[in-house]
Colleague: 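Next up is a structure, given as structure tokens.
Every number for a ligand or one of its atoms is a count from 1 in the order of the listing. These numbers come from the heavy atoms of this one structure, side chains and all, not from hydrogens, waters or symmetry mates. Bear in mind that the values here come from a model prediction, so they are computed numbers and not experimental data.
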Amino acid sequence: HPPWPPLSRLPVRPSVRPSVLPPPLSDMKEKNPWHTPVTIIITVIGVIAIVALVTVAVLQNKPLLQKYKYGIVLDAGSSHTALYLYEWPAEKDNNTGRVEQIHSCKVKGKGISSYASEPWKAGESLTLCMQEAERWVPSKRHRETPLYLGATAGMRLLNMENSSASDKVFQAVEGALQRFPFSYEGARILSGQEEGAFGWVTVNYLDDRLKQGLETTGALDLGGASTQISFVSDSYDGSESPSNSVTFRLYGNDYNLYTHSFLCYGKDQVLRMVLAQQTQSGPTSILDPCFHPGYNVTKFYSELYDSPCVSDRKPPGAPEAFAHRGDGNFQQCQEVVRTVFNFSSCRYRQCSFNGVFQPHLQGSFGAFSAYYFVMNFLNLTDTSIPLQAVKEKLLQYCATSWDQIVQQHPGVKEKYLAEYCFSGTYILTLLTEGYNFTSENYSNIKFIKKIKGSDAGWTLGYMLNLTNMIPAEAPDSPLLPHAGYVSVVTIMAVVLFVLLILSLRPLWPRCSKQPQIV
Ligand SMILES: O=P(O)(O)OP(=O)(O)OP(=O)(O)OC[C@H]1O[C@@H](n2cnc3c(O)ncnc32)[C@H](O)[C@@H]1O
Ligand SMILES: [Ca+2]
């Protein structure tokens with residue numbers, strides 16, 4: 001660039017003719033005051049300083065090349081096991097980095113608690129999903145990737161029934177998992193409180209409610225063998241029924257969570273209780289209002305009563321089997337389902353059922369797992385429809401003949417298909433009569449499967465907790481984003497340079513023949 005003329009030479013109004021014309025160009029060249037050694041040196045040093053300052057400032061604070069970390073959680077549920085693989089930016093573990101589920105794998109076969117009599121099969125069942133995880137995680141990262149297995153209600157029940165069998169299942173599972181190159185961090189049974197609380201953490205973490213200190217969402221989880229309800233209520237400080245209280249300090253906010261897990265109130269165990277209710281006298285055939293007309297399947301007493309949730313109710317002298325026949329009557333089904341809840345006593349201000357304390361329902365709720373599978377199948381995930389319409393839909397669905405149901409849903413597993421009338425009725429009864437949702441607050445429930453690509457469930461919350469990924473205090477965040485920082489540094493450097501040049505004005509060589517502006 002040609003050197004700038006001194007500021008005073010700039011014509012203010014170019015339309016006005018100067019009374020004294022500037023000297024010829026050749027003269028100007030000779031006398032250009034910028035061409036003195038001092039100003040040239042200052043200019044060069046200044047330019048180098050600016051370039052150096054901006055370069056160092058920008059490079060030093062450039063976000064480093066993004067690397068990722070991984071974590072694996074196996075959810076050993078009562079009905080099946082699923083593997084979840086999570087990924088997050090390595091540099092940002094515990095502040096701005098978001099943990100995302102990048103893969104999940106459903107283990108073939110039943111839950112690990114079903115392998116009580118052949119424990120080695122429980123370990124073997126996990127192999128395929130673990131090999132998938134091995135392919136998903138870059139091999140460089142295998143050794144540092146934590147691997148957790150958490151078992152829920154199925155193993156809780158097996159442990160109650162036969163603790164040595166549950167120990168053997170864990171040994172088999174541990175042996176199988178340790179053969180993989182990950183950092184194995186243990187397999188254990190989660191308590192009901194942990195299961196409920198981590199489900200709540202997952203939902204609120206994924207919704208970004210914790211970091212922003214927003215009002216939280218409650219969590220409703222319906223499994224095969226247990227069900228959890230967790231929410232924050234202003235009317236609950238943990239003093240009443242402290243066993244339902246879990247406290248957290250997350251991102252600088254304190255949470256006092258109410259949580260309860262009802263063992264045996266997952267949908268498979270409730271079905272057993274409902275069937276036990278109908279086979280009290282040991283009949284050879286029952287007409288079940290929760291199953292479709294025309295449904296007729298032989299069931300064995302020994303299998304039905306093979307669970308601590310019903311084992312003490314097995315009718316003495318019952319035959320080997322009974323014909324389980326459907327009658328398709330929603331109202332009668334709801335009556336039988338009601339018998340599994342005990343509303344007779346409550347030693348607290350208020351209870352849900354079975355004498356369990358529950359504070360006032362507050363805020364919105366995310367309902368996942370079987371809540372979602374069932375309500376999605378029944379086209380009932382829209383909770384803005386009135387409760388009465390939900391009942392009518394179930395009434396009509398339950399009354400549909402089994403033949404027709406099978407015909408209308410050719411791709412659906414028959415075991416699932418047979419149970420949607422019962423499950424829908426149970427969900428509605430649990431929500432409205434068990435937890436006391438009303439037609440006013442039913443619409444606060446959202447039936448969800450995933451939030452921003454990650455499954456709703458306890459696994460993510462469990463991993464975030466064990467890896468200390470949610471800090472108790474709010475992280476210090478940089479005042480400016482990177483782009484803003486670069487702009488500020490550049491502008492300030494230019495301003496400083498201009499000021500420096502101006503401050504050196506006394507050193508500027510004088511120019512005697514400055515044009516006069518009239
Ligand atoms: O939490 P726990 O009680 O240990 O059980 P789980 O983890 O195995 O339970 P899930 O949420 O995986 O499933 C809950 C129930 O939903 C059933 N289920 C899973 N997928 C389903 C689908 O697509 N339709 C209907 N039912 C389904 C499953 O068999 C269980 O009875
Ligand atoms: Ca579960």
Colleague: Among all protein heavy atoms, pick out the one at the shortest distance from atom 7 (O) of ligand 1; state its residue, atom name and that distance to 0.1 Å.
Modeller: G77 CA, 3.6 Å
Colleague: Check this for me - ligand 1, S226, N or O atoms closer than 3.5 angstrom, yes or no?
Modeller: yes
Colleague: Which residue owns the protein heavy atom closest to atom 10 (P) of ligand 1, what's the atom, and how far is it?
Modeller: S79 OG, 4.0 Å
Colleague: Please confirm whether the ring centroid of H260 lies under 6.0 Å from the ring centroid of Y258.
Modeller: no
Colleague: Evaluate F231 against Y236 for ring pair (Phe, Tyr, Trp, His ring centres under 6.0 Å), listing each step before the verdict.
Modeller: CA-CA 10 Å; F231 60 99; Y236 184 61; 8.3 Å; no
Colleague: Tell me if the SG of C333 lies under 2.5 Å from the SG of C398.
Modeller: no
Colleague: Less than 6.0 Å separating the ring centroids of W200 and Y255?
Modeller: yes
Colleague: List the steps and the verdict of salt bridge (charged side-chain N to carboxylate O under 4.0 Å, His left out) for R141 and E144.
Modeller: CA-CA 6 Å; R141 298 275 170 188; E144 65 183 47; 2.6 Å; yes
Colleague: When you measure from atom 9 (O) of ligand 1 to every protein heavy atom, which one gives the shortest distance, and what is it?
Modeller: G224 N, 3.3 Å
Colleague: Give me the nearest non-hydrogen protein atom to atom 3 (O) of ligand 1 as residue plus atom name, then the distance to 0.1 Å.
Modeller: A225 N, 2.8 Å
Colleague: Is there a heavy atom in D268 that sits closer than 4.0 Å to ligand 1?
Modeller: yes
Colleague: Check each of Y265, Y372, F368, Y416 against atom 22 (C) of ligand 1 and report the one with the nearest heavy atom.
Modeller: Y416
Colleague: Minimum distance, heavy atoms only, to atom 15 (C) of ligand 1: which one of E195, K267, Q228 is it?
Modeller: K267
Colleague: Among all protein heavy atoms, pick the one closest to atom 11 (O) of ligand 1 and tell me residue, atom and distance.
Modeller: S369 CB, 3.3 Å
Colleague: Determine whether the side chains of Y86 and T459 contain a donor N or O and an acceptor N or O closer than 3.5 Å.
Modeller: yes
Colleague: For atom 12 (O) of ligand 1, grab the closest protein heavy atom and report residue, atom and distance to one decimal in Å.
Modeller: H80 CE1, 2.9 Å
Colleague: Among all the protein's non-hydrogen atoms, which is closest to atom 4 (O) of ligand 1, and how far away is it?
Modeller: T152 OG1, 2.6 Å
Colleague: Measure Y420 to ligand 1 on non-hydrogen atoms and call it side chain, backbone, both or neither using the 4.0 Å cut-off.
Modeller: side chain
Colleague: Where on L222 is there a heavy atom closer than 4.0 Å to ligand 1, on the side chain, on the backbone, on both, or on neither?
Modeller: backbone
Colleague: Determine, using ring centers only, whether F373 and Y416 are less than 6.0 Å apart.
Modeller: no
Colleague: Applying the side-chain hydrogen bond (donor to acceptor under 3.5 Å, both in side chains) criterion to D221, which one of S261, S226, S369 satisfies it?
Modeller: S369
Colleague: Numbering the atoms of ligand 1 from 1, which are under 4.0 Å from a heavy atom of G223?
Modeller: 1 (O), 2 (P), 3 (O), 5 (O), 9 (O), 11 (O), 14 (C)
Colleague: With the threshold set at 4.0 Å, does a side-chain nitrogen-carboxylate oxygen contact exist between E195 and R156?
Modeller: yes
Colleague: When you compare ligand 1 with A370, is there at least one nitrogen or oxygen pair between them that comes in under 3.5 angstrom?
Modeller: no
Colleague: Pull out every atom of ligand 1 sitting under 4.0 Å from any heavy atom of A153, numbered as shown with elements.
Modeller: 3 (O), 4 (O)
